[in-house]
Engineer: 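The structure is given below, and queries will be raised subsequently.
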Amino acid sequence: MTTLLEARYRAVLRLLPAYYRREREEEMVETYLWDVDQETQDQSRPTLGEVASIVALAVRSRLGAGGVPRRYAVLGSAVRLFALFAVLLQAASAVVDRVLGLTWASTRGGSQWDMFTDGFTGHGVWAGTVAAAQWFLPLMWTVAYFALLCDRRRLAQASALVAALPALLPLVDLWARDFAPSDSAYVAAAAVLAWSSALALCAAHHRDAPPAALPAGAPGMVFAACCVLMGGSVVALPGGVDTVWALVTCYLVTALAWLLYRARGESRVPAEEAAALAALGLLLLAVRITAVYPWLDVLPGALRVGVLTQAAALVALTAALGVVSGRDLLSRGT
């Protein structure tokens, strides 16, 4: 006779994918019920620790690698690549933004340097601490990127979570206000990008996952190339760019180059890579639109044309990547 506790365990185990339940459910239920007295099973519930471990197992088994059904292997590979690509872009963006900012402040006279340092001083300890955190913590994306490719997963996960923290601070400020400022949608989109990257890294690069690896190129060279591309895209427009110009430019150039390279060099384009880039493109499209929309009417003509061109290119490239991914999945029966 099935007890209430056993029914509750089986209900929680439904979080696991079907293939895993077929192999392990009975064994897991027996293990959970082993030392529980039969007379108390109708008054007992699974502990929070047991539920949490099952949830973690459900994530790992759905984002698996070898020995799992193909659709879960493809999903796991796509999420791991998405995390790697997203962390790479945000790492390069953080470094380039700070290098260019320091270069500008230190070479344009004392007034520019005073303006830079004023953001950290003269506004109280709390404001100065928040400003310092927003400036320094995003550099942890770089630590997460290199740690991930060196197979230091715990360090990579902790670094990514720390790097994503500054994205929450503007959200807290929005929550404390009585009105929504014009950049509220951008603040939310930027937070979604940062935290989806960090959480994807933590979820997909679990202990059973294969070591992270770039599809092509050495980690240092790829990172340096992204930094040069981002910095060059900013310097090439002396009239000024917005906060996501370099990030989106780097994505567009590298994703298009990858798509052309894969399409030319192989009979098919890997669905996992195309899906990862398409998901990242959708998030960047949201950031691109929300960053420029409130200021579209007041932007200089050249910059307005540039950001609208970026948005159109993101739509086209993301759609192309989605088609490529879907075609490969259908051809292989996933």
Engineer: Please report the interatomic distance CG(L161) to SG(C202), rounded to the nearest 0.5 Å.
Structural biologist: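 It comes to 4.0 Å.
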Engineer: Who pairs with S159 by side chain to side chain donor-acceptor pair (under 3.5 Å), at least two apart in sequence or on another chain?
Structural biologist: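 Side chain to side chain donor-acceptor pair (under 3.5 Å) list for S159, sorted by chain: empty.
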Engineer: Applying the 4.5 Å side-chain criterion to the ILVMFWY set and letting contacts propagate, would L282 and V324 be lumped into a single cluster?
Structural biologist: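 No.
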Engineer: Could you check L247, L84, L193 and say which one makes a side-chain contact (heavy atoms from CB on, under 4.5 Å) with L89?
Structural biologist: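 Result: among L247, L84, L193, L247 is the only option passing the side-chain contact (heavy atoms from CB on, under 4.5 Å) with L89.
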Engineer: Measure the spacing between CG of L199 and CD of Q157 and express it to the nearest 0.5 Å.
Structural biologist: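 Between atom CG of L199 and atom CD of Q157 there are 10.5 Å.
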Engineer: Quick check on R98: does its CZ atom have over 12 non-hydrogen neighbours (other residues, nucleotides or ligands) under 6.0 Å away?
Structural biologist: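 Counting neighbours around CZ of R98, more than 12 heavy atoms of other residues, nucleotides or ligands fall under 6.0 Å, so yes.
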Engineer: Do any N or O atoms from the side chain of S77 and from the backbone of V74 form a donor-acceptor pair under 3.5 angstrom?
Structural biologist: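 It does not hold such a pair.
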Engineer: Any side-chain heavy-atom pair from V222 and Y145 closer than 4.5 angstrom?
Structural biologist: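 Sidechains of Y145 and V222: in contact.
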Engineer: Could you tell me if the side chain of L171 sits less than 4.5 Å from the side chain of L168, heavy atoms only?
Structural biologist: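 A side-chain contact exists here, since the closest heavy-atom pair is under 4.5 Å.
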Engineer: Testing V315, L284, T249 for side-chain contact (heavy atoms from CB on, under 4.5 Å) with Q310, which one passes?
Structural biologist: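 It is T249; the other options fail the test.
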Engineer: Of all the heavy-atom pairs spanning A204 and V79, show the shortest one and how long it is.
Structural biologist: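 In this case the closest contact between A204 and V79 is CB-CG1, 3.5 Å.
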Engineer: Between E272 and S325, is any pair of side-chain heavy atoms under 4.5 Å apart?
Structural biologist: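 No. Closest side-chain heavy atoms not under 4.5 Å.
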Engineer: Under the 6.0 Å and 45° cation-pi test, does R24 pair with Y20?
Structural biologist: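 Geometry flag: set, cation within 6.0 Å and 45°.
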Engineer: List the steps, then state whether side-chain contact (heavy atoms from CB on, under 4.5 Å) holds for W258 with L321.
Structural biologist: CA-CA 11 Å; W258 169 87; L321 289 165; 3.5 Å; yes
Engineer: Would Y19 and Y72 count as a ring pair (Phe, Tyr, Trp, His ring centres under 6.0 Å) if you check the C-alpha gap in whole Å, the side-chain angles of each, and the deciding distance to 0.1 Å?
Structural biologist: CA-CA 10 Å; Y19 82 91; Y72 294 118; 5.4 Å; yes
Engineer: Please report the closest heavy-atom contact between L16 and S61, naming both atoms and the distance.
Structural biologist: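 That would be CD2-OG, 4.3 Å.
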Engineer: Do L148 and M221 belong to the same hydrophobic cluster, where Ile, Leu, Val, Met, Phe, Trp and Tyr are linked whenever their side-chain heavy atoms lie under 4.5 Å apart, directly or via other members?
Structural biologist: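 Cluster IDs for L148 and M221 differ.
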Engineer: If you measure from CZ on R21 to CG on L13, what distance do you get to the nearest 0.5 Å?
Structural biologist: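 One finds 8.5 Å between CZ of R21 and CG of L13.
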Engineer: Consider only side-chain heavy atoms of I, L, V, M, F, W and Y, link residues closer than 4.5 Å, and tell whether L5 and V51 are in one cluster.
Structural biologist: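 Cluster IDs for L5 and V51 match.
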Engineer: Checking Y9 against M28 for the side-chain contact (heavy atoms from CB on, under 4.5 Å) test, could you report, in this order, the C-alpha distance in whole Å, the side-chain angles of both residues, the deciding distance, and whether it holds?
Structural biologist: CA-CA 9 Å; Y9 274 120; M28 294 177 72; over 6 Å; no
Engineer: Would you mind reporting whether V59 and I54 have side-chain heavy atoms less than 4.5 Å apart?
Structural biologist: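 Of all side-chain heavy-atom pairs linking V59 with I54, none is under 4.5 Å.
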Engineer: Shortest non-hydrogen contact from L214 to P219?
Structural biologist: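 Closest heavy-atom pair between L214 and P219: CD1-CA, 3.7 Å.
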Engineer: A quick test of your reading: do over 12 heavy atoms of other residues, nucleotides or ligands sit less than 6.0 Å from CZ of F146?
Structural biologist: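 Buried by this count: over 12 neighbours within 6.0 Å.
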Engineer: Let me confirm one number: the CG-CZ distance from L63 to R80, rounded to the nearest 0.5 Å.
Structural biologist: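 One finds 7.0 Å between CG of L63 and CZ of R80.
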Engineer: Do W135 and P166 touch side chain to side chain, with heavy atoms closer than 4.5 Å?
Structural biologist: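 SC-SC contact between W135 and P166 ruled out.
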Engineer: Looking only at heavy atoms, which two atoms of L259 and A320 are closest? And how far apart?
Structural biologist: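 The pair with the smallest heavy-atom distance is CD2-CB, 4.5 Å.
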Engineer: Distance from T31 atom OG1 to L33 atom CG, nearest 0.5 Å?
Structural biologist: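 If we round to the nearest 0.5 Å, T31:OG1 and L33:CG are 9.0 Å apart.
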Engineer: Determine whether L165 and W195 satisfy the following criterion, side-chain contact (heavy atoms from CB on, under 4.5 Å), listing intermediate values before the conclusion.
Structural biologist: CA-CA 8 Å; L165 283 176; W195 280 96; 4.0 Å; yes
Engineer: Please examine the side chains of Y251 and V244, heavy atoms only from C-beta on, and report whether any two atoms are closer than 4.5 Å.
Structural biologist: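 No, side chains not in contact.
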Engineer: Any donor and acceptor pair, going by atom type alone, linking the side chain of Q90 with main-chain N or O of A86 inside 3.5 Å?
Structural biologist: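 Checking the backbone N and O of A86 against the side chain of Q90, a donor-acceptor pair under 3.5 Å is found.
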Engineer: Please report the closest heavy-atom contact between G322 and A278, naming both atoms and the distance.
Structural biologist: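 Here G322 and A278 meet closest at N-CB, 4.1 Å.
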Engineer: Quick one: do V228 and L88 end up in the same hydrophobic cluster if we chain Ile, Leu, Val, Met, Phe, Trp and Tyr together by side-chain heavy atoms under 4.5 Å apart?
Structural biologist: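 The answer is no; the residues belong to distinct hydrophobic clusters.
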Engineer: According to salt bridge (charged side-chain N to carboxylate O under 4.0 Å, His left out), who are the partners of E26, at least two apart in sequence or on a separate chain?
Structural biologist: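 R10.
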Engineer: I need the Y32 OH to E27 CD distance, nearest 0.5 Å.
Structural biologist: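 One finds 10.5 Å between OH of Y32 and CD of E27.
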Engineer: How would you list, by chain and number, every residue that makes a salt bridge (charged side-chain N to carboxylate O under 4.0 Å, His left out) with R62, sequence neighbours excluded?
Structural biologist: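 Testing R62 for salt bridge (charged side-chain N to carboxylate O under 4.0 Å, His left out), a comparison that skips the adjacent residues, returns none.
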Engineer: Can you tell me if W245 uses its side chain to pair, donor with acceptor, with the backbone of V234 under 3.5 Å?
Structural biologist: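 No; judged by distance alone, with no hydrogens or angles, the pair does not exist.
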Engineer: Using a 3.5 Å distance criterion without hydrogens, assess whether the side chain of R45 forms a donor-acceptor pair with backbone atoms of R8.
Structural biologist: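 Checked: no pair found.
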Engineer: Using side-chain heavy atoms (C-beta onward) and a distance below 4.5 Å, is P211 in contact with R153?
Structural biologist: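 Sidechains of R153 and P211: in contact.
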Engineer: Which of these passes side-chain contact (heavy atoms from CB on, under 4.5 Å) with L285: L317, T318, L314, L280?
Structural biologist: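 The option that passes is L314.
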Engineer: Work out which heavy atom in A291 is nearest to a heavy atom in Y186; give both atom names and the distance.
Structural biologist: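 Looking at all heavy atoms of both residues, the shortest contact is CB-CD1, 3.6 Å.
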Engineer: According to a hydrophobic-cluster definition based on side-chain heavy atoms being under 4.5 Å apart (Ile, Leu, Val, Met, Phe, Trp, Tyr only), do V192 and I289 belong together?
Structural biologist: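 Hydrophobic grouping puts V192 with I289.
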Engineer: Using atom types as modelled and distance alone, determine if a side-chain donor or acceptor of W141 lies under 3.5 Å from a backbone N or O of A160.
Structural biologist: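 Side chain of W141 to backbone of A160, a donor-acceptor pair under 3.5 Å: no, none is there.
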Engineer: Flag the pair V95 / F223 as yes when at least one side-chain heavy-atom distance between them is below 4.5 Å, and no otherwise.
Structural biologist: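 V95 vs F223: side chains touch.
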Engineer: Just checking R152: does its CZ atom have more than 12 heavy atoms from other residues, nucleotides or ligands closer to it than 6.0 angstrom?
Structural biologist: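 No, CZ of R152 has 12 or fewer neighbouring heavy atoms, counting only those of other groups under 6.0 Å.
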